[in-house]
Colleague: 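Here you go, one structure.
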Amino acid sequence: MTEAVRIRPEQFPLTRECPFSPPEEYRGLRDEAPIAKVRLVDDKWAWAITRHEDVRAVLSDPRFSADRTHPDFPMLTRGGRLRQEGDEKPLISMDAPEHGPARRAVLGEFTVRRMEALRPRIQEIVDERIDAMLAGPRPADLVRELSLPVPSLVICELLGVPYTDHEFFQAHTTTMISRMSSAEDRQKAFEAVQSYLRDLIVVKEGDAGEEDLLGRQILKGREDGTYRREALVAMAFLLLLAGHETTANMISLGTIALLENPDQLALVKADPSKTLSAVEELLRYFTIVDAATARRATEDVELGGVTIRAGEGVLALGFAANRDPEAFENPDDLDVERGARHHVAFGFGAHQCLGQNLARMELQIVVDTLFRRVPELALAQPVEELLFKDEAAIYGVHSLPVTW
């Protein structure tokens, strides 16, 4: 049996020293101890899984629970269990048999066909935001002008949440995902957004229609007798948070990576059909939600010669897996022609990201449109001087000055 290696306990979760690379310790873990015990911020221990094959094995194995409400679930922030008395588990915290029906209830909202129907409106939003940026002063902050408004407008329209309230939920989201926030502040932010969505859903219950996702979920639940307000609040919370924060950061980081790799950008500009492959590569290259794929073993599991005992926590580290040379040749290179569709940036298995088709489409439209309409786009500040979100559970950049 392989002996587990324990790394320095004060280091986990680890911080990226380079915005384009995983923490250096990931390479050592993957090469020397791919299944290793690490200490978390609450002084509990968990298994860090770093090889692509092992990460996919964990995420597709029902013996690993996603229930974040369990006291043994590994947490990466102090006081990380955000809960209100009486609220329901979000999809990401459910296990079988509860998870399957709940996911299927909303899965139809995110099919490729449904997303394609949204393409003209997303294109319109992207064009409007680029128009506004080009009409404004230079340099412009791409985060404020494009990266954040595009996915926020899209998810608000999809859900039926007023975009006029975007500063409210974006500010609270920043508090919730920051590892620097106190447990009390994160809980207050969580409860404020939950309360906001609950009030919104109560209003929609009085006049539910087919024009937005929340209205359709109310009607559907009433028809089949499954409607529960708190379950819809939990779902709306997850979709609103994940629907804007993750894609916004990928737009900014993807723009930086392509500008810093002009040979790769030239390939995309010369042949827009390469954008789909480029988007997959950018998702792999950054893996901005690295450790959201934590789990807890519900029984003893043998993995890679190591026995993970029932009740022990597991961190299936997507960034480490997406730089595994056994899965991706020259994994530290950005290669827009790679064909990286087997990455795990959206997770894997039953909990693979529900909104991945929407995220892919938004990224594809932004990359195509931004570099077509602003071919001379350039960074207005060296990468070394940009302020990256090293303190956040979702990686990104706080602002991105660009010029043209």
Colleague: I'd like to know if E109 and K220 make a salt bridge, using a cut-off of under 4.0 Å between side-chain N and carboxylate O.
Modeller: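 No, E109 and K220 are not salt-bridged.
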
Colleague: So for atom NZ, which belongs to K188, do other residues, nucleotides or ligands contribute more than 12 heavy atoms lying within a distance under 6.0 Å?
Modeller: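 Incorrect, the count does not exceed 12.
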
Colleague: Whether the side chain of S277 engages the backbone of K274 through a donor-acceptor N/O pair (distance < 3.5 Å, no angle test) should be reported.
Modeller: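 Judged by distance alone, no pair lies under 3.5 Å.
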
Colleague: With side-chain hydrogen bond (donor to acceptor under 3.5 Å, both in side chains) as the criterion, how do D95 and S65 come out once you've worked through the C-alpha distance, each side chain's angles and the decisive distance to 0.1 Å?
Modeller: CA-CA 6 Å; D95 293 323; S65 169; 2.5 Å; yes

Colleague: Run the side chain to side chain contact (heavy atoms under 4.5 Å, CB included) check on K389 and E391 step by step: do they pass?
Modeller: CA-CA 5 Å; K389 297 181 177 178; E391 79 291 353; 4.3 Å; yes

Colleague: So, R360 and Q356: side-chain donor and acceptor under 3.5 Å apart, yes or no?
Modeller: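 On atom types as modelled, these side chains qualify, holding a pair under 3.5 Å.
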
Colleague: For E191, is there any backbone N or O sitting under 3.5 Å from a side-chain donor or acceptor partner on S195?
Modeller: no

Colleague: Considering all heavy atoms of both residues, which atom of T403 and which atom of A380 are nearest to each other, and what is their separation?
Modeller: N-CB, 4.2 Å

Colleague: Salt-bridged, D324 to R56, with N to O below 4.0 Å?
Modeller: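 No, D324 and R56 are not salt-bridged.
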
Colleague: Side-chain donor-acceptor pair under 3.5 Å between H244 and Q170, yes or no?
Modeller: no

Colleague: Walk me through whether L303 and I49 qualify under side chain to side chain contact (heavy atoms under 4.5 Å, CB included).
Modeller: CA-CA 10 Å; L303 183 70; I49 313 296; 4.0 Å; yes

Colleague: For the atom pair CG (L118) and CD (E362), what is the distance rounded to the nearest 0.5 Å?
Modeller: 9.0 Å

Colleague: Does D67 pair with K89 as a salt bridge, N-O distance under 4.0 Å?
Modeller: yes

Colleague: For the CG atom of L282 and the CD atom of Q264, what is their distance to the nearest 0.5 Å?
Modeller: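 Going from CG on L282 over to CD on Q264, the span is 9.5 Å.
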
Colleague: Out of curiosity, N261 CG to L334 CG, how far, rounded to the nearest 0.5 Å?
Modeller: 5.0 Å

Colleague: Please name the pair of heavy atoms, one in Y285 and one in D333, separated by the smallest distance, quoted to 0.1 Å.
Modeller: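 Heavy-atom minimum between the residues: CE1-C, 4.1 Å.
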
Colleague: Tell me whether T369 contacts the main-chain N or O of I365 through its side chain, where contact means a donor paired with an acceptor under 3.5 Å.
Modeller: yes

Colleague: Check step by step if side chain to side chain contact (heavy atoms under 4.5 Å, CB included) holds for F169 and L197.
Modeller: CA-CA 10 Å; F169 60 76; L197 290 170; over 6 Å; no

Colleague: Backbone N or O of E157 within a donor-acceptor pair of the D212 side chain at under 3.5 Å?
Modeller: no

Colleague: Do the side chains of E281 and D335 get nearer than 4.5 Å, heavy atoms only?
Modeller: yes

Colleague: Can you find a pair of side-chain heavy atoms, one from E124 and one from E128, that are under 4.5 Å apart?
Modeller: yes

Colleague: Could you check whether any side-chain heavy atom of L107 comes within less than 4.5 Å of a side-chain heavy atom of L354, counting everything from C-beta outward?
Modeller: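 Yes, their side chains come closer than 4.5 Å.
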
Colleague: Looking only at non-hydrogen atoms, find the nearest pair between V41 and P13 and report the distance.
Modeller: CG1-CD, 3.7 Å

Colleague: Please report the interatomic distance CG(L214) to CD(E205), rounded to the nearest 0.5 Å.
Modeller: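 The CG atom of L214 sits 10.5 Å away from the CD atom of E205.
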
Colleague: Do L59 and F64 touch side chain to side chain, with heavy atoms closer than 4.5 Å?
Modeller: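 Not in contact.
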
Colleague: Apply side chain to side chain contact (heavy atoms under 4.5 Å, CB included) to Y395 and N249, showing your working.
Modeller: CA-CA 7 Å; Y395 190 66; N249 285 313; over 6 Å; no

Colleague: Carefully, step by step, assess R338 and E329 under the rule salt bridge (charged side-chain N to carboxylate O under 4.0 Å, His left out).
Modeller: CA-CA 9 Å; R338 179 187 298 276; E329 187 176 358; over 6 Å; no

Colleague: Between D290 and Y26, do the side chains contain an N or O donor and an N or O acceptor separated by less than 3.5 Å?
Modeller: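 There is such a pair between these side chains.
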
Colleague: Between E116 and R119, does any side-chain N to carboxylate O distance fall below 4.0 Å?
Modeller: yes

Colleague: Do M133 and L370 come within less than 4.5 Å of each other through their side chains, counting heavy atoms only?
Modeller: yes

Colleague: Spell out, as yes or no, whether a donor-acceptor pair under 3.5 Å connects the side chain of S93 to the backbone of R68.
Modeller: yes

Colleague: Any side-chain donor paired with an acceptor under 3.5 Å for D185 and T175?
Modeller: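 No donor-acceptor contact under 3.5 Å links the two side chains.
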
Colleague: For residues N357 and M361, determine if any side-chain heavy atom of one lies less than 4.5 Å from a side-chain heavy atom of the other.
Modeller: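 Heavy-atom side-chain distance check fails, nothing below 4.5 Å.
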
Colleague: Considering only residues two or more places apart or on different chains, which pairs with a residue in residues 162-184 satisfy salt bridge (Lys or Arg N to Asp or Glu O under 4.0 Å)?
Modeller: none

Colleague: Backbone N or O of A57 within a donor-acceptor pair of the D61 side chain at under 3.5 Å?
Modeller: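 A pair under 3.5 Å: no.
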
Colleague: Go through the steps for F328 and H52 under the test ring-ring contact (aromatic ring centres under 6.0 Å, His included), then give the verdict.
Modeller: CA-CA 9 Å; F328 304 96; H52 186 267; 5.5 Å; yes

Colleague: Could you tell me which non-hydrogen atom of R309 sits nearest to which non-hydrogen atom of D300, and how far apart they are?
Modeller: NH1-OD2, 3.2 Å

Colleague: Quick check: does any side chain N or O of S147 sit under 3.5 Å from a backbone N or O of I251, one acting as donor and the other as acceptor?
Modeller: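 Looks like no, no N/O pair under 3.5 Å.
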
Colleague: Rounded to the nearest 0.5 Å, what's the gap from CG on L142 to CG on L146? Could you check?
Modeller: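 Taking CG in L142 and CG in L146, the distance rounds to 5.0 Å.
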
Colleague: Evaluate whether atom CD of E17 has more than 12 neighbouring non-hydrogen atoms of other residues, nucleotides or ligands under 6.0 angstrom away.
Modeller: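 At most 12 heavy atoms, drawn from other residues, nucleotides or ligands, come within 6.0 Å of this atom.
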
Colleague: Should the heavy atoms of other residues, nucleotides or ligands under 6.0 Å from CZ of R16 be counted, would the total exceed 12?
Modeller: yes

Colleague: Is Y163 close to P149 at the side-chain level, that is, under 4.5 Å between some pair of heavy atoms?
Modeller: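 Yes, close enough: below the 4.5 Å cut-off.
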
Colleague: Give a yes or no answer on whether the side chain of R284 reaches the backbone of P331 with a donor-acceptor pair at less than 3.5 Å.
Modeller: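 Indeed, once roles are kept as given, a pair shorter than 3.5 Å links the two residues.
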
Colleague: Keeping the roles fixed (side chain from E53, backbone from A327), state whether a donor-acceptor pair exists under 3.5 Å.
Modeller: no

Colleague: Which atoms form the tightest heavy-atom contact between F348 and S60, and what is the distance?
Modeller: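 Smallest interatomic distance, heavy atoms only, reads CE2-CB, 4.0 Å.
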
Colleague: Please name the pair of heavy atoms, one in R295 and one in F73, separated by the smallest distance, quoted to 0.1 Å.
Modeller: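 So the two residues come closest at CA-CE1, 3.7 Å.
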
Colleague: Can you tell if the side chain of P19 reaches within under 4.5 Å of the side chain of V383, non-hydrogen atoms only?
Modeller: yes

Colleague: Rounded to the nearest 0.5 Å, how far does CD of E245 lie from OG of S152?
Modeller: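 Here the rounded value is 8.5 Å.
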
Colleague: Is the backbone N or O of R51 less than 3.5 Å from a side-chain atom of R30, with the two atoms forming a donor-acceptor pair by type?
Modeller: no

